[in-house]
J.: 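One structure, pasted below without further comment.
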Amino acid sequence: MKAEEREYLIAFRRELHAYPELGRQEHRTSARLAEELESLGLEVHRAVGGTGVVGILSGVQPGRSWAYRADMDALPVCEPEGLAFRSQNPGVMHACGHDVHCTIALGIARQAALHRKNLRGRLLFVFQPNEEGAPGGGTGGAQAMVDDGLLERFGIEAIFAMHCKPDLEVGEIGFTRGGAWASCDHFYIDVVGQQTHGAYPHLGKDPIVAAAQLIDALAQIPSRRVDARKPALISTCMVHGGEAFNILPEVVKLEGIVRALDRDVRNRLNAAIEATVKGIATAHELQASVEIHPGADVTVNDDALMDAALAHLRGSVKLIETPPQMGAEDFSVFAALIPGLYLQLGVRDRSRPYAPLHSPKLSIDEDCIPIAVDAMAPFLMDLELSTESTEG
């Protein structure tokens with residue numbers, strides 16, 4: 001990549017970083033991306049699934065339609081002092097690298113537009129809102145775009161994405177075969193007893209002791225109800241109960257997450273949670289209810305897309321086989337419907353102490369941007385697959 005193009009993209013990334021927006025509020029971000037795509041001569045569609053943007057680059061030669069997806073939203077994180085281009089929106093920060101993701105997608109579009117005459121078929125650039133989950137809940141951005149007809153309207157046959165990974169070095173691209181990101185479900189449990197004085201527990205029904213047993217029992221489900229060779233976890237992350245030190249409350253509320261890298265394991269975990277809640281409630285002669293709200297499914301990488309990517313990228317970057325992530329990604333919505341491929345991009349900034357994604361101290365080495373663009377643009381333009389696709 002030429003120096004002036006690198007400088008252009010880095011300046012654009014810094015602009016996005018300075019003006020982060022939460023999910024479903026990405027109005028400035030989507031407008032800027034649409035303007036950039038239109039300046040390249042792409043066919044641009046705005047307000048897809050809310051604030052989503054789709055840019056279409058049509059080649060001169062006939063062929064198939066691939067999409068590259070970038071998420072746009074930021075996080076409710078306060079960015080510390082230090083960067084000249086730090087967030088100008090108090091309490092909001094691009095702490096997950098989505099500013100980098102959008103810049104890479106734009107860079108690929110710019111490079112592909114220069115070589116449109118060599119493009120067979122179409123390249124689509126999908127800028128997705130609300131990957132992190134907007135305050136107040138609601139439908140995630142990928143599902144909102146699908147509900148708005150993204151795949152059918154634009155004839156997308158396969159989709160690609162890449163995520164910043166701060167524990168990989170710049171120049172490295174991580175890949176994971178099969179399940180790459182975990183499913184994510186959210187459970188709510190109410191344990192309802194009978195309030196009484198803490199000195200006379202026999203006169204009531206103690207939901208705290210029952211909740212304590214339930215927390216322990218839930219934590220044991222993955223190790224005793226699931227094949228130990230298949231990653232799974234249940235974490236109780238919130239416990240609320242009681243208003244006085246000497247009164248046993250009527251209700252204890254529990255909330256937490258369920259993660260798995262296999263769809264059958266996911267179903268087994270959720271069924272076991274419901275059975276465990278019922279059993280412990282019965283043993284303590286009290287009532288309990290459980291709601292499990294489904295989130296992202298397992299993100300499964302398509303084998304054919306993976307083979308094609310590795311064959312192309314080998315030699316231009318250092319390929320690192322990375323373990324599956326127990327984090328979740330709503331890219332899974334796309335990958336369940338069409339073949340999808342999700343890679344990890346090395347962004348480690350050696351000039352500053354390591355910090356993980358979602359940390360206010362996250363720092364990214366911007367040299368990752370031209371590396372990703374130079375690796376992915378030729379791959380997407382040259383990609384050829386049979387009309388048969390494996391399961392997404």
Side-chain angles (χ1 to χ4, degrees), residues 1-17 29-46 48 52-72 97-128 154-162 164 170-171 173 305 308-317 341 343 345-347 364-385:
M1 179 179 294
K2 293 181 179 180
E4 55 267 29
E5 178 67 4
R6 178 187 183 278
E7 292 171 5
Y8 184 92
L9 292 176
I10 288 176
F12 186 80
R13 179 257 166 166
R14 293 181 179 186
E15 177 189 341
L16 293 185
H17 190 89
T29 303
S30 62
R32 284 291 292 117
L33 288 162
E35 291 168 4
E36 291 284 327
L37 295 173
E38 286 171 343
S39 73
L40 299 173
L42 273 67
E43 176 187 332
V44 176
H45 297 258
R46 303 176 188 234
V48 181
V53 174
V54 177
I56 304 174
L57 179 67
S58 297
V60 175
Q61 305 176 52
R64 301 178 67 188
S65 296
W66 318 126
Y68 187 87
R69 173 270 207 168
D71 34 15
M72 299 187 293
H98 295 189
D99 51 337
V100 175
H101 301 169
C102 289
T103 304
I104 290 169
L106 175 62
I108 295 170
R110 287 171 61 86
Q111 195 170 122
L114 288 175
H115 303 283
R116 185 195 300 257
K117 66 180 184 297
N118 299 325
L119 177 63
R120 293 179 293 276
R122 303 186 307 162
L123 271 181
L124 294 92
F125 299 91
V126 175
F127 293 93
Q128 180 203 307
F154 303 111
I156 299 173
E157 299 177 73
I159 192 163
F160 302 81
M162 184 178 288
C164 292
V170 172
I173 288 182
L305 297 184
L310 297 184
H312 182 93
L313 297 174
R314 190 170 286 115
S316 62
V317 293
L341 179 65
L343 300 172
L345 177 66
V347 300
I364 287 171
D365 186 333
E366 293 172 321
D367 283 342
C368 70
I369 295 171
I371 289 172
V373 172
D374 286 343
M376 293 301 293
F379 165 60
L380 293 173
M381 291 192 69
D382 295 342
L383 179 62
E384 292 185 17
L385 292 173

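This chain uses plain numbering: 1 for the first residue, then up along the sequence.
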J.: Show me the pairs that pass salt bridge (Lys or Arg N to Asp or Glu O under 4.0 Å) and involve residues 372-382, at least two apart or across chains.
T.: none
J.: Taking side chain as C-beta onward, heavy atoms only, is C102 less than 4.5 Å from F127?
T.: yes
J.: Taking the inter-plane angle between the rings of W66 and F160 on a 0 to 90° scale, is it parallel (under 30°), tilted (30 to 60°) or perpendicular (over 60°)?
T.: perpendicular
J.: To the nearest 0.5 Å, tell me how far L57 CG sits from Q111 CD.
T.: 12.0 Å
J.: Taking the side chain as everything from C-beta on, heavy atoms only, tell me whether H45 gets closer than 4.5 Å to V53.
T.: no
J.: Step by step, work out the salt bridge (Lys or Arg N to Asp or Glu O under 4.0 Å) result for K2 and E7.
T.: CA-CA 9 Å; K2 293 181 179 180; E7 292 171 5; over 6 Å; no
J.: Go through the steps for I369 and R6 under the test side chain to side chain contact (heavy atoms under 4.5 Å, CB included), then give the verdict.
T.: CA-CA 8 Å; I369 295 171; R6 178 187 183 278; over 6 Å; no
J.: Does M381 form a side chain to side chain contact (heavy atoms under 4.5 Å, CB included) with M376? I'd like the steps, not just the answer.
T.: CA-CA 9 Å; M381 291 192 69; M376 293 301 293; over 6 Å; no
J.: Between L37 and A109, what is the shortest heavy-atom contact and its length?
T.: CD2-CB, 4.0 Å
J.: How many angstroms lie between CG in L341 and CZ in F379, if you round to the nearest 0.5 Å?
T.: 6.5 Å
J.: Is there a side-chain contact between V54 and F154 in this structure, where contact means two heavy atoms from C-beta onward sitting under 4.5 Å apart?
T.: yes
J.: For C368 and V170, which heavy atoms make the closest approach, and how far apart are they?
T.: N-CG1, 4.0 Å
J.: Atom CG in L345, atom CE in M162: separation rounded to 0.5 Å?
T.: 5.5 Å
J.: Give me the atom names and distance for the closest heavy-atom approach of I159 to R69.
T.: CD1-CB, 3.9 Å
J.: Taking the side chain as C-beta and beyond, is there a heavy-atom pair between L33 and V44 under 4.5 Å?
T.: no
J.: Report the C-alpha distance between S65 and R122 in whole Å, list the side-chain angles of each, state the deciding distance to 0.1 Å, and finish with yes or no for side chain to side chain donor-acceptor pair (under 3.5 Å).
T.: CA-CA 5 Å; S65 296; R122 303 186 307 162; 3.1 Å; yes
J.: Nearest 0.5 Å, please: how far is NE2 in H17 from OG1 in T103?
T.: 11.0 Å
J.: Within a strict 4.5 Å, meaning less than it, do heavy atoms of the M1 and L9 side chains meet?
T.: yes
J.: Could you tell me the separation between the OG atom of S58 and the CG atom of L119, rounded to the nearest 0.5 Å?
T.: 8.0 Å
J.: Output all residues satisfying side-chain hydrogen bond (donor to acceptor under 3.5 Å, both in side chains) with R32, sequence neighbours left out; order by chain, then residue number.
T.: E15, E35, E36
J.: Show your working on side chain to side chain contact (heavy atoms under 4.5 Å, CB included) between I56 and L123 and close with a plain yes or no.
T.: CA-CA 6 Å; I56 304 174; L123 271 181; over 6 Å; no
J.: Could you state the interatomic distance from CG (L124) to CD (E43), rounded to the nearest 0.5 Å?
T.: 8.5 Å
J.: Identify whether NZ of Lys or CZ of Arg in R110 sits under 6.0 Å from the centre of the six-membered ring of Y8 and within 45° of that ring's axis.
T.: yes
J.: Just by modelled atom types, is the C164 backbone N or O under 3.5 Å from a matching donor or acceptor in the H101 side chain?
T.: yes
J.: With side chains defined as the heavy atoms from C-beta onward, is the minimum distance between S30 and M72 less than 4.5 Å?
T.: yes
J.: Measure the shortest side-chain to side-chain distance between R14 and E366 over non-hydrogen atoms and say whether it is less than 4.5 angstrom.
T.: yes
J.: Begin from the C-alpha positions of V100 and L16 and carry the test side chain to side chain contact (heavy atoms under 4.5 Å, CB included) through to its verdict.
T.: CA-CA 9 Å; V100 175; L16 293 185; over 6 Å; no
J.: If I compare all heavy atoms of I104 with all of A372, which pair ends up nearest, and what's the gap?
T.: CD1-CB, 3.6 Å
J.: Quick one, P378 and H312 - any side-chain contact, counting heavy atoms below 4.5 Å?
T.: yes
